[in-house]
Amino acid sequence: MSKKSKEKALTSQQEDFSAWYNEIVLRAELADHSPVRGCMVIRPYGYRLWELMRDELDRRFRETGHQNAYFPLLIPQSFLSREAQHIEGFAKEAAIVTHTRLRATDDGGLEPDPASKLEEPLIIRPTSETVIYEMFSKWVQSYRDLPILMNQWANVVRWEMRTRLFLRTAEFLWQEGHTAHATEAEAEEETRRMLGVYRSFMEEWMAMPVVTGPKSESEKFPGALRTYTTEALMRDDKALQAGTSHNLGQNFSRQFELTFQSEEGSEEYAWNTSWGVSTRLVGGLVMTHGDDRGLVLPPRLAPIQVVFVPIGRTDEQREMVLGRIRELTDRLSAGIRIHVDDRDNLTPGAKFYEWEMKGVPVRIEIGPKDLEKGQLVLVERVPAEEAERKEFLDQQEAIAGLEDRLERIQARLLEQARVRREESTTRGGVASVAELGRIVEERGGFVYTGWCGSDECEARVKEETRATLRVLPDEEFRSADAPTRCLCGEASETEVVWAKAY
RNA sequence: CGGGGCGUAGCGCAGCCCGGUUAGCGCGCCUGCUUUGGGAGCAGGAGGUCCCCGGUUCGAAUCCGGGCGCCCCGACCA
């Protein structure tokens, strides 16, 4: 019995992925557009998602010895200009504070008071390397003060031309880790360690598989020696840079006189790293798992893991059903995030659609018939097999098994995402730029090829195919028999991954 | 910053080309009754600076000029 939907249906992913994404973010109440162009309001449901990500990442940062701190939003303009590449990277998208007062205009409006003009403009941080290393230089004297392992949760502003909710907004929330070390080897180890933290978080919590490895010279962070990335593949077969970890070398310590006296007594520049993930991860989560019904959330990050929908014709029935639900949920471990949808102005069907759209992993229906039989109806957001969509289960057993079920769902989502990525990955036999272009155009996904290592070659491929060099994959991701030739015909130096990217 | 599209009720839209009563529809919202295992039904009701400013006209959502905003597609970026 196909029911005509009164709600406008979601645009399907196949019809227009971009429209699908925008609609789902708004309709699932993750975020909304702000009055200021390019900025977003993160709504409670979306913010809870971010908080759950944040809490787990924060736990992992502490576990690896890092401490949280907070550095100011405003940065002296002169700081940014100290590191040449760094300024080049951020100058084009800066928000600048020039005045400290407003005054009334004749026509009843407001304008910056010229008398309050700052001698030196302040930049709203696009990232905090400069202030942080300035401060580190005050705090560090000897090798005994190292390493410094610090992190901050903050907002940053980058005045983007073109924005999209979560994926690229003018202001976003993130974490930026900043460390200082006595040796290059230690800094490199730290850079790698945090890349690993990101990777395992993304896989274990977001159920989002990633390919890790260094970026090419042209794609690295401005001011870094080396940038490592975690690259994920979205359901529209475009790549998303989900997190980055940078070995900054001594670039910043030289500019900010971040020096220390070594064990041997010599004065040395410290070695720095920085690493970050942002609210962009929420966008990545949406585009990794979402389908034409809406969001699909992995249980570990779902604000609501299990939603109960009571069903009853009469007030009396509803009371009894709700009573039963209370009995059952009292017995649940406090670790499970549940919600009982007892609204009486919606039919059960309407609730089903709503919670599916919001990506809740498990729905449990209980009605009068179930009370008699001691059973309940359980539906997973993404069932293992379509055939068993509605499961009729013993109440006690179902409740007792919820925790395990959520873990199984978590694992399955990662597995499914992995399968999708592999199906969208092309390895071997891509021998020309034209062929790469064709694959990227027609099929999308990750394309592995050989690379001679030259910037010019990379730029040419980018120009001709619209694909970018996403990552020089770490060994475990490389092909069994790596290509021996670059697309240009020269000998391949390393295997690389190309894709159209967000 | 270039190209395209759109601004009318909370949301989605019609009306505009061809100016003419109190500006309309669906969803949502409020009240009541009946309902509830896949988007409930009926009845009643609330809700609008038609993006802004100016012009043309007896009369502007509609025509003209200027502005603003948003979305999409490109160049740059987490």
Side-chain angles (χ1 to χ4, degrees), chain A residues 1-11 16-19 21-23 26-27 32-39 88-94 126-127 156-176 198 215 218-222 227 229-232 239-246 274-284 293 309-315 317-318 321 341-357 363-371 375-379 389-390 392 462-463 466 468 501-502:
Chain A
M1 44 174 186
S2 71
K3 194 141 285 174
K4 282 172 292 193
S5 166
K6 298 274 174 88
E7 281 289 319
K8 193 190 158 219
L10 264 182
T11 301
D16 185 344
F17 193 86
S18 191
Y21 177 83
N22 291 334
E23 284 172 29
L26 294 172
R27 284 166 67 163
D32 205 346
H33 295 282
S34 89
V36 177
R37 179 194 158 77
C39 293
E88 204 176 310
F90 291 107
K92 288 170 287 187
E93 47 187 38
T127 178
V156 288
V157 168
R158 297 179 189 176
W159 215 261
E160 298 289 346
M161 299 293 188
R162 212 180 134 200
T163 58
R164 299 194 64 193
L165 294 174
F166 290 112
L167 296 174
R168 177 167 301 109
T169 46
E171 178 189 6
F172 56 92
L173 305 184
W174 78 344
Q175 95 6 254
E176 46 181 325
Y198 287 155
K215 284 281 193 187
S218 77
E219 296 278 342
K220 74 175 191 193
F221 176 72
T227 290
T229 182
T230 53
E231 295 287 322
L240 183 80
Q241 177 175 308
T244 47
S245 184
H246 316 289
S274 72
W275 27 275
V277 296
S278 70
T279 36
R280 170 178 255 203
L281 289 182
V282 176
R293 289 167 176 264
V309 178
I311 291 152
R313 195 170 291 110
T314 64
D315 283 350
Q317 281 178 334
R318 278 201 297 275
V321 167
D341 187 353
D342 59 0
R343 290 175 294 180
D344 59 5
N345 59 331
L346 291 179
T347 60
K351 294 177 183 177
F352 300 165
Y353 280 99
E354 181 174 331
W355 294 117
E356 279 167 10
M357 208 241 320
R363 177 179 82 236
I364 291 178
E365 308 164 23
I366 301 185
K369 285 184 251 169
D370 301 312
L371 288 186
Q375 70 169 27
L376 53 72
V377 175
L378 186 149
V379 182
R389 239 182 90 64
K390 287 210 174 193
F392 297 82
K462 192 172 164 182
E463 176 69 28
R466 315 204 51 74
T468 52
Y502 273 95

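Chain identifiers are assigned alphabetically (A, B, ...) following the order of the sequence lines, protein sequences preceding nucleic acid strands; residue numbering begins at 1 within each chain.
- Which of B:C71, B:C76, B:G38 sits closest to the side chain of A:Glu160 comes down to B:C76.
- For A:Phe90 and B:C76, the CZ to C1' distance is 13 Å, given to the nearest whole Å.
- In this structure the side chain of A:Thr11 never reaches within 4.5 angstrom of the side chain of A:Asn22, judged on heavy atoms.
- Within the 4.0 angstrom heavy-atom criterion, no nucleotide atom of any strand lies near A:Leu240.
- Contact check for A:Glu356 versus A:Arg363: side-chain heavy atoms found under the 4.5 Å cut-off.
- The A:Asn345 side chain lies nearest to B:C29 when the options are B:C29, B:A78, B:G38.
- In this structure, the NZ atom of A:Lys462 is 10 Å from the C1' atom of B:A75, given to the nearest Å.
- Closest to the A:Arg164 side chain, of the nucleotides B:G38, B:C72, B:A78, is B:C72.
- Candidate nucleotides B:A78, B:G37, B:C76 were compared by shortest atom distance to the side chain of A:Lys92, and B:C76 ranks first.
- The side-chain heavy atoms of A:Trp275 and A:Gln175, taken from C-beta on, include a pair separated by under 4.5 Å.
- Across the protein-nucleic acid pair, A:Glu231 atom CD and B:A78 atom P stand 11 Å apart, rounded to whole Å.
- Residue A:Glu365 is classed as a base contact, given a heavy-atom separation below 4.0 Å to a base.
- Under the 4.5 Å side-chain criterion, counting only non-hydrogen atoms from C-beta, A:Glu219 is not in contact with A:Thr229.
- A:Trp174 pairs by the side chain to side chain donor-acceptor pair (under 3.5 Å) definition with A:Glu176, not counting sequence neighbours.
- The separation between A:Leu371 atom CG and B:G37 atom C1' is 13 Å, rounded to whole Å.
- Ring-plane geometry between A:His246 and A:Phe221 is classed as parallel, the angle between the planes falling under 30 degrees on a 0 to 90 degree scale with a further cut at 60.
- Between the CG atom of A:Leu167 and the P atom of B:C72 there is a distance of 11 Å, given to the nearest Å.
- Separation of the C1' atoms belonging to B:A14 and B:A23 is 11 Å when rounded to the nearest angstrom.
- Across all strands shown, B:G48 forms no Watson-Crick or G-U wobble pair with both distances under 3.5 Å.
- The ring pair (Phe, Tyr, Trp, His ring centres under 6.0 Å) check on A:Phe352 picks up nothing, with sequence neighbours excluded.
- A:Thr244 comes within 4.0 angstrom of nothing in the nucleic acid, heavy atoms only.
- You'll find the side chain of A:Arg389 reaches within 4.5 Å of the side chain of A:Val379, heavy atoms only.
- Among the atoms of the strands shown, base atoms are found under 4.0 Å from some heavy atom of A:Glu356.
- Counting any heavy atom pair closer than 4.0 Å across all strands shown, A:Arg343 reaches no nucleic acid atom.
- In this structure, A:Val277 reaches neither bases nor backbone, as no heavy-atom distance under 4.0 Å exists between it and the strands shown.
- Separation of the P atoms belonging to B:C51 and B:A9 is 8 Å when rounded to the nearest angstrom.
- Contact check, A:Asn22 against B:C71: no side-chain N or O comes under 4.0 Å of OP1 or OP2.
- For the P atoms, the distance linking B:C42 with B:G28 amounts to 11 Å, nearest Å.
- Residue-level contact check: A:Phe172 touches the bases, meaning some heavy atom is under 4.0 Å from a base atom.
- Pairing of B:C1, defined by two Watson-Crick or G-U wobble distances under 3.5 Å, is identified with B:G74.
- Checking B:U57 for Watson-Crick or G-U wobble geometry (two distances, each under 3.5 Å) identifies no partner in any strand.
- For the P atoms, the distance from B:G47 to B:G24 is 13 Å, rounded to whole Å.
- In this structure, B:G69 and B:C6 make a Watson-Crick or G-U wobble pair, each of the two defining distances being under 3.5 angstrom.
- In the set B:G38, B:G37, B:A78, the nucleotide with an atom closest to the side chain of A:Pro348 is B:G37.
- To the nearest angstrom, C1' of B:A78 lies 11 Å from OH of A:Tyr198.
- Comparing B:U62 with B:C1, their C1' atoms are spaced 33 Å from each other, to the whole Å.
- Remark: P of B:G37 and CG of A:Leu378 are 18 Å apart, rounded to the nearest angstrom.
- Taking a 6.0 Å sphere around CZ of A:Arg313, one finds it holds 12 or fewer heavy atoms contributed by other residues, nucleotides or ligands.
- Searching all strands for a Watson-Crick or G-U wobble partner of B:C11 with both distances below 3.5 Å returns B:G26.
- Across all strands shown, A:Lys369 has heavy atoms under 4.0 Å from base atoms, whether or not it also approaches the sugar-phosphate.
- Closest approach to the A:Ser18 side chain among B:G37, B:C72, B:A78 is made by B:C72 (side chain taken as heavy atoms from C-beta onward).
- Using atom P as the reference point in both B:C16 and B:A61, the two lie 14 Å apart (nearest Å).
- When the P atom is compared between B:G48 and B:G55, the two are found 27 Å apart, to the nearest whole Å.
- Atoms CD (A:Glu93) and C1' (B:C1) sit 14 Å apart, rounded to a whole Å.
- Side-chain N/O atoms of A:Arg313 and base N/O atoms of B:G37 include no donor-acceptor pair closer than 3.5 Å.
- For A:Arg389, the listed nucleotide lying nearest its side chain is B:G38; candidates were B:C72, B:G38, B:A78.
- Note on A:Thr127: nothing from the nucleic acid sits closer than 4.0 angstrom, heavy atoms only.
- Side-chain contact between A:Ile311 and A:Asp370: absent, with no pair of heavy atoms (C-beta onward) separated by less than 4.5 Å.
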I'd like a table of atom pairs between the protein and nucleotides 68-70 of chain B - only N or O on both sides, under 3.5 Å - with the distance next to each one.
residue	atom	partner	partner atom	Å
B:C70	OP1	A:Arg37	N	3.2

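- Of the residues near RNA chain B, A:Phe166 and A:Thr163, the one whose nearest nucleotide (by heavy atom distance) lies more toward the 5' end is A:Thr163.
- Across all strands shown, B:C33 forms a Watson-Crick or G-U wobble pair with B:G41, both key distances being under 3.5 Å.
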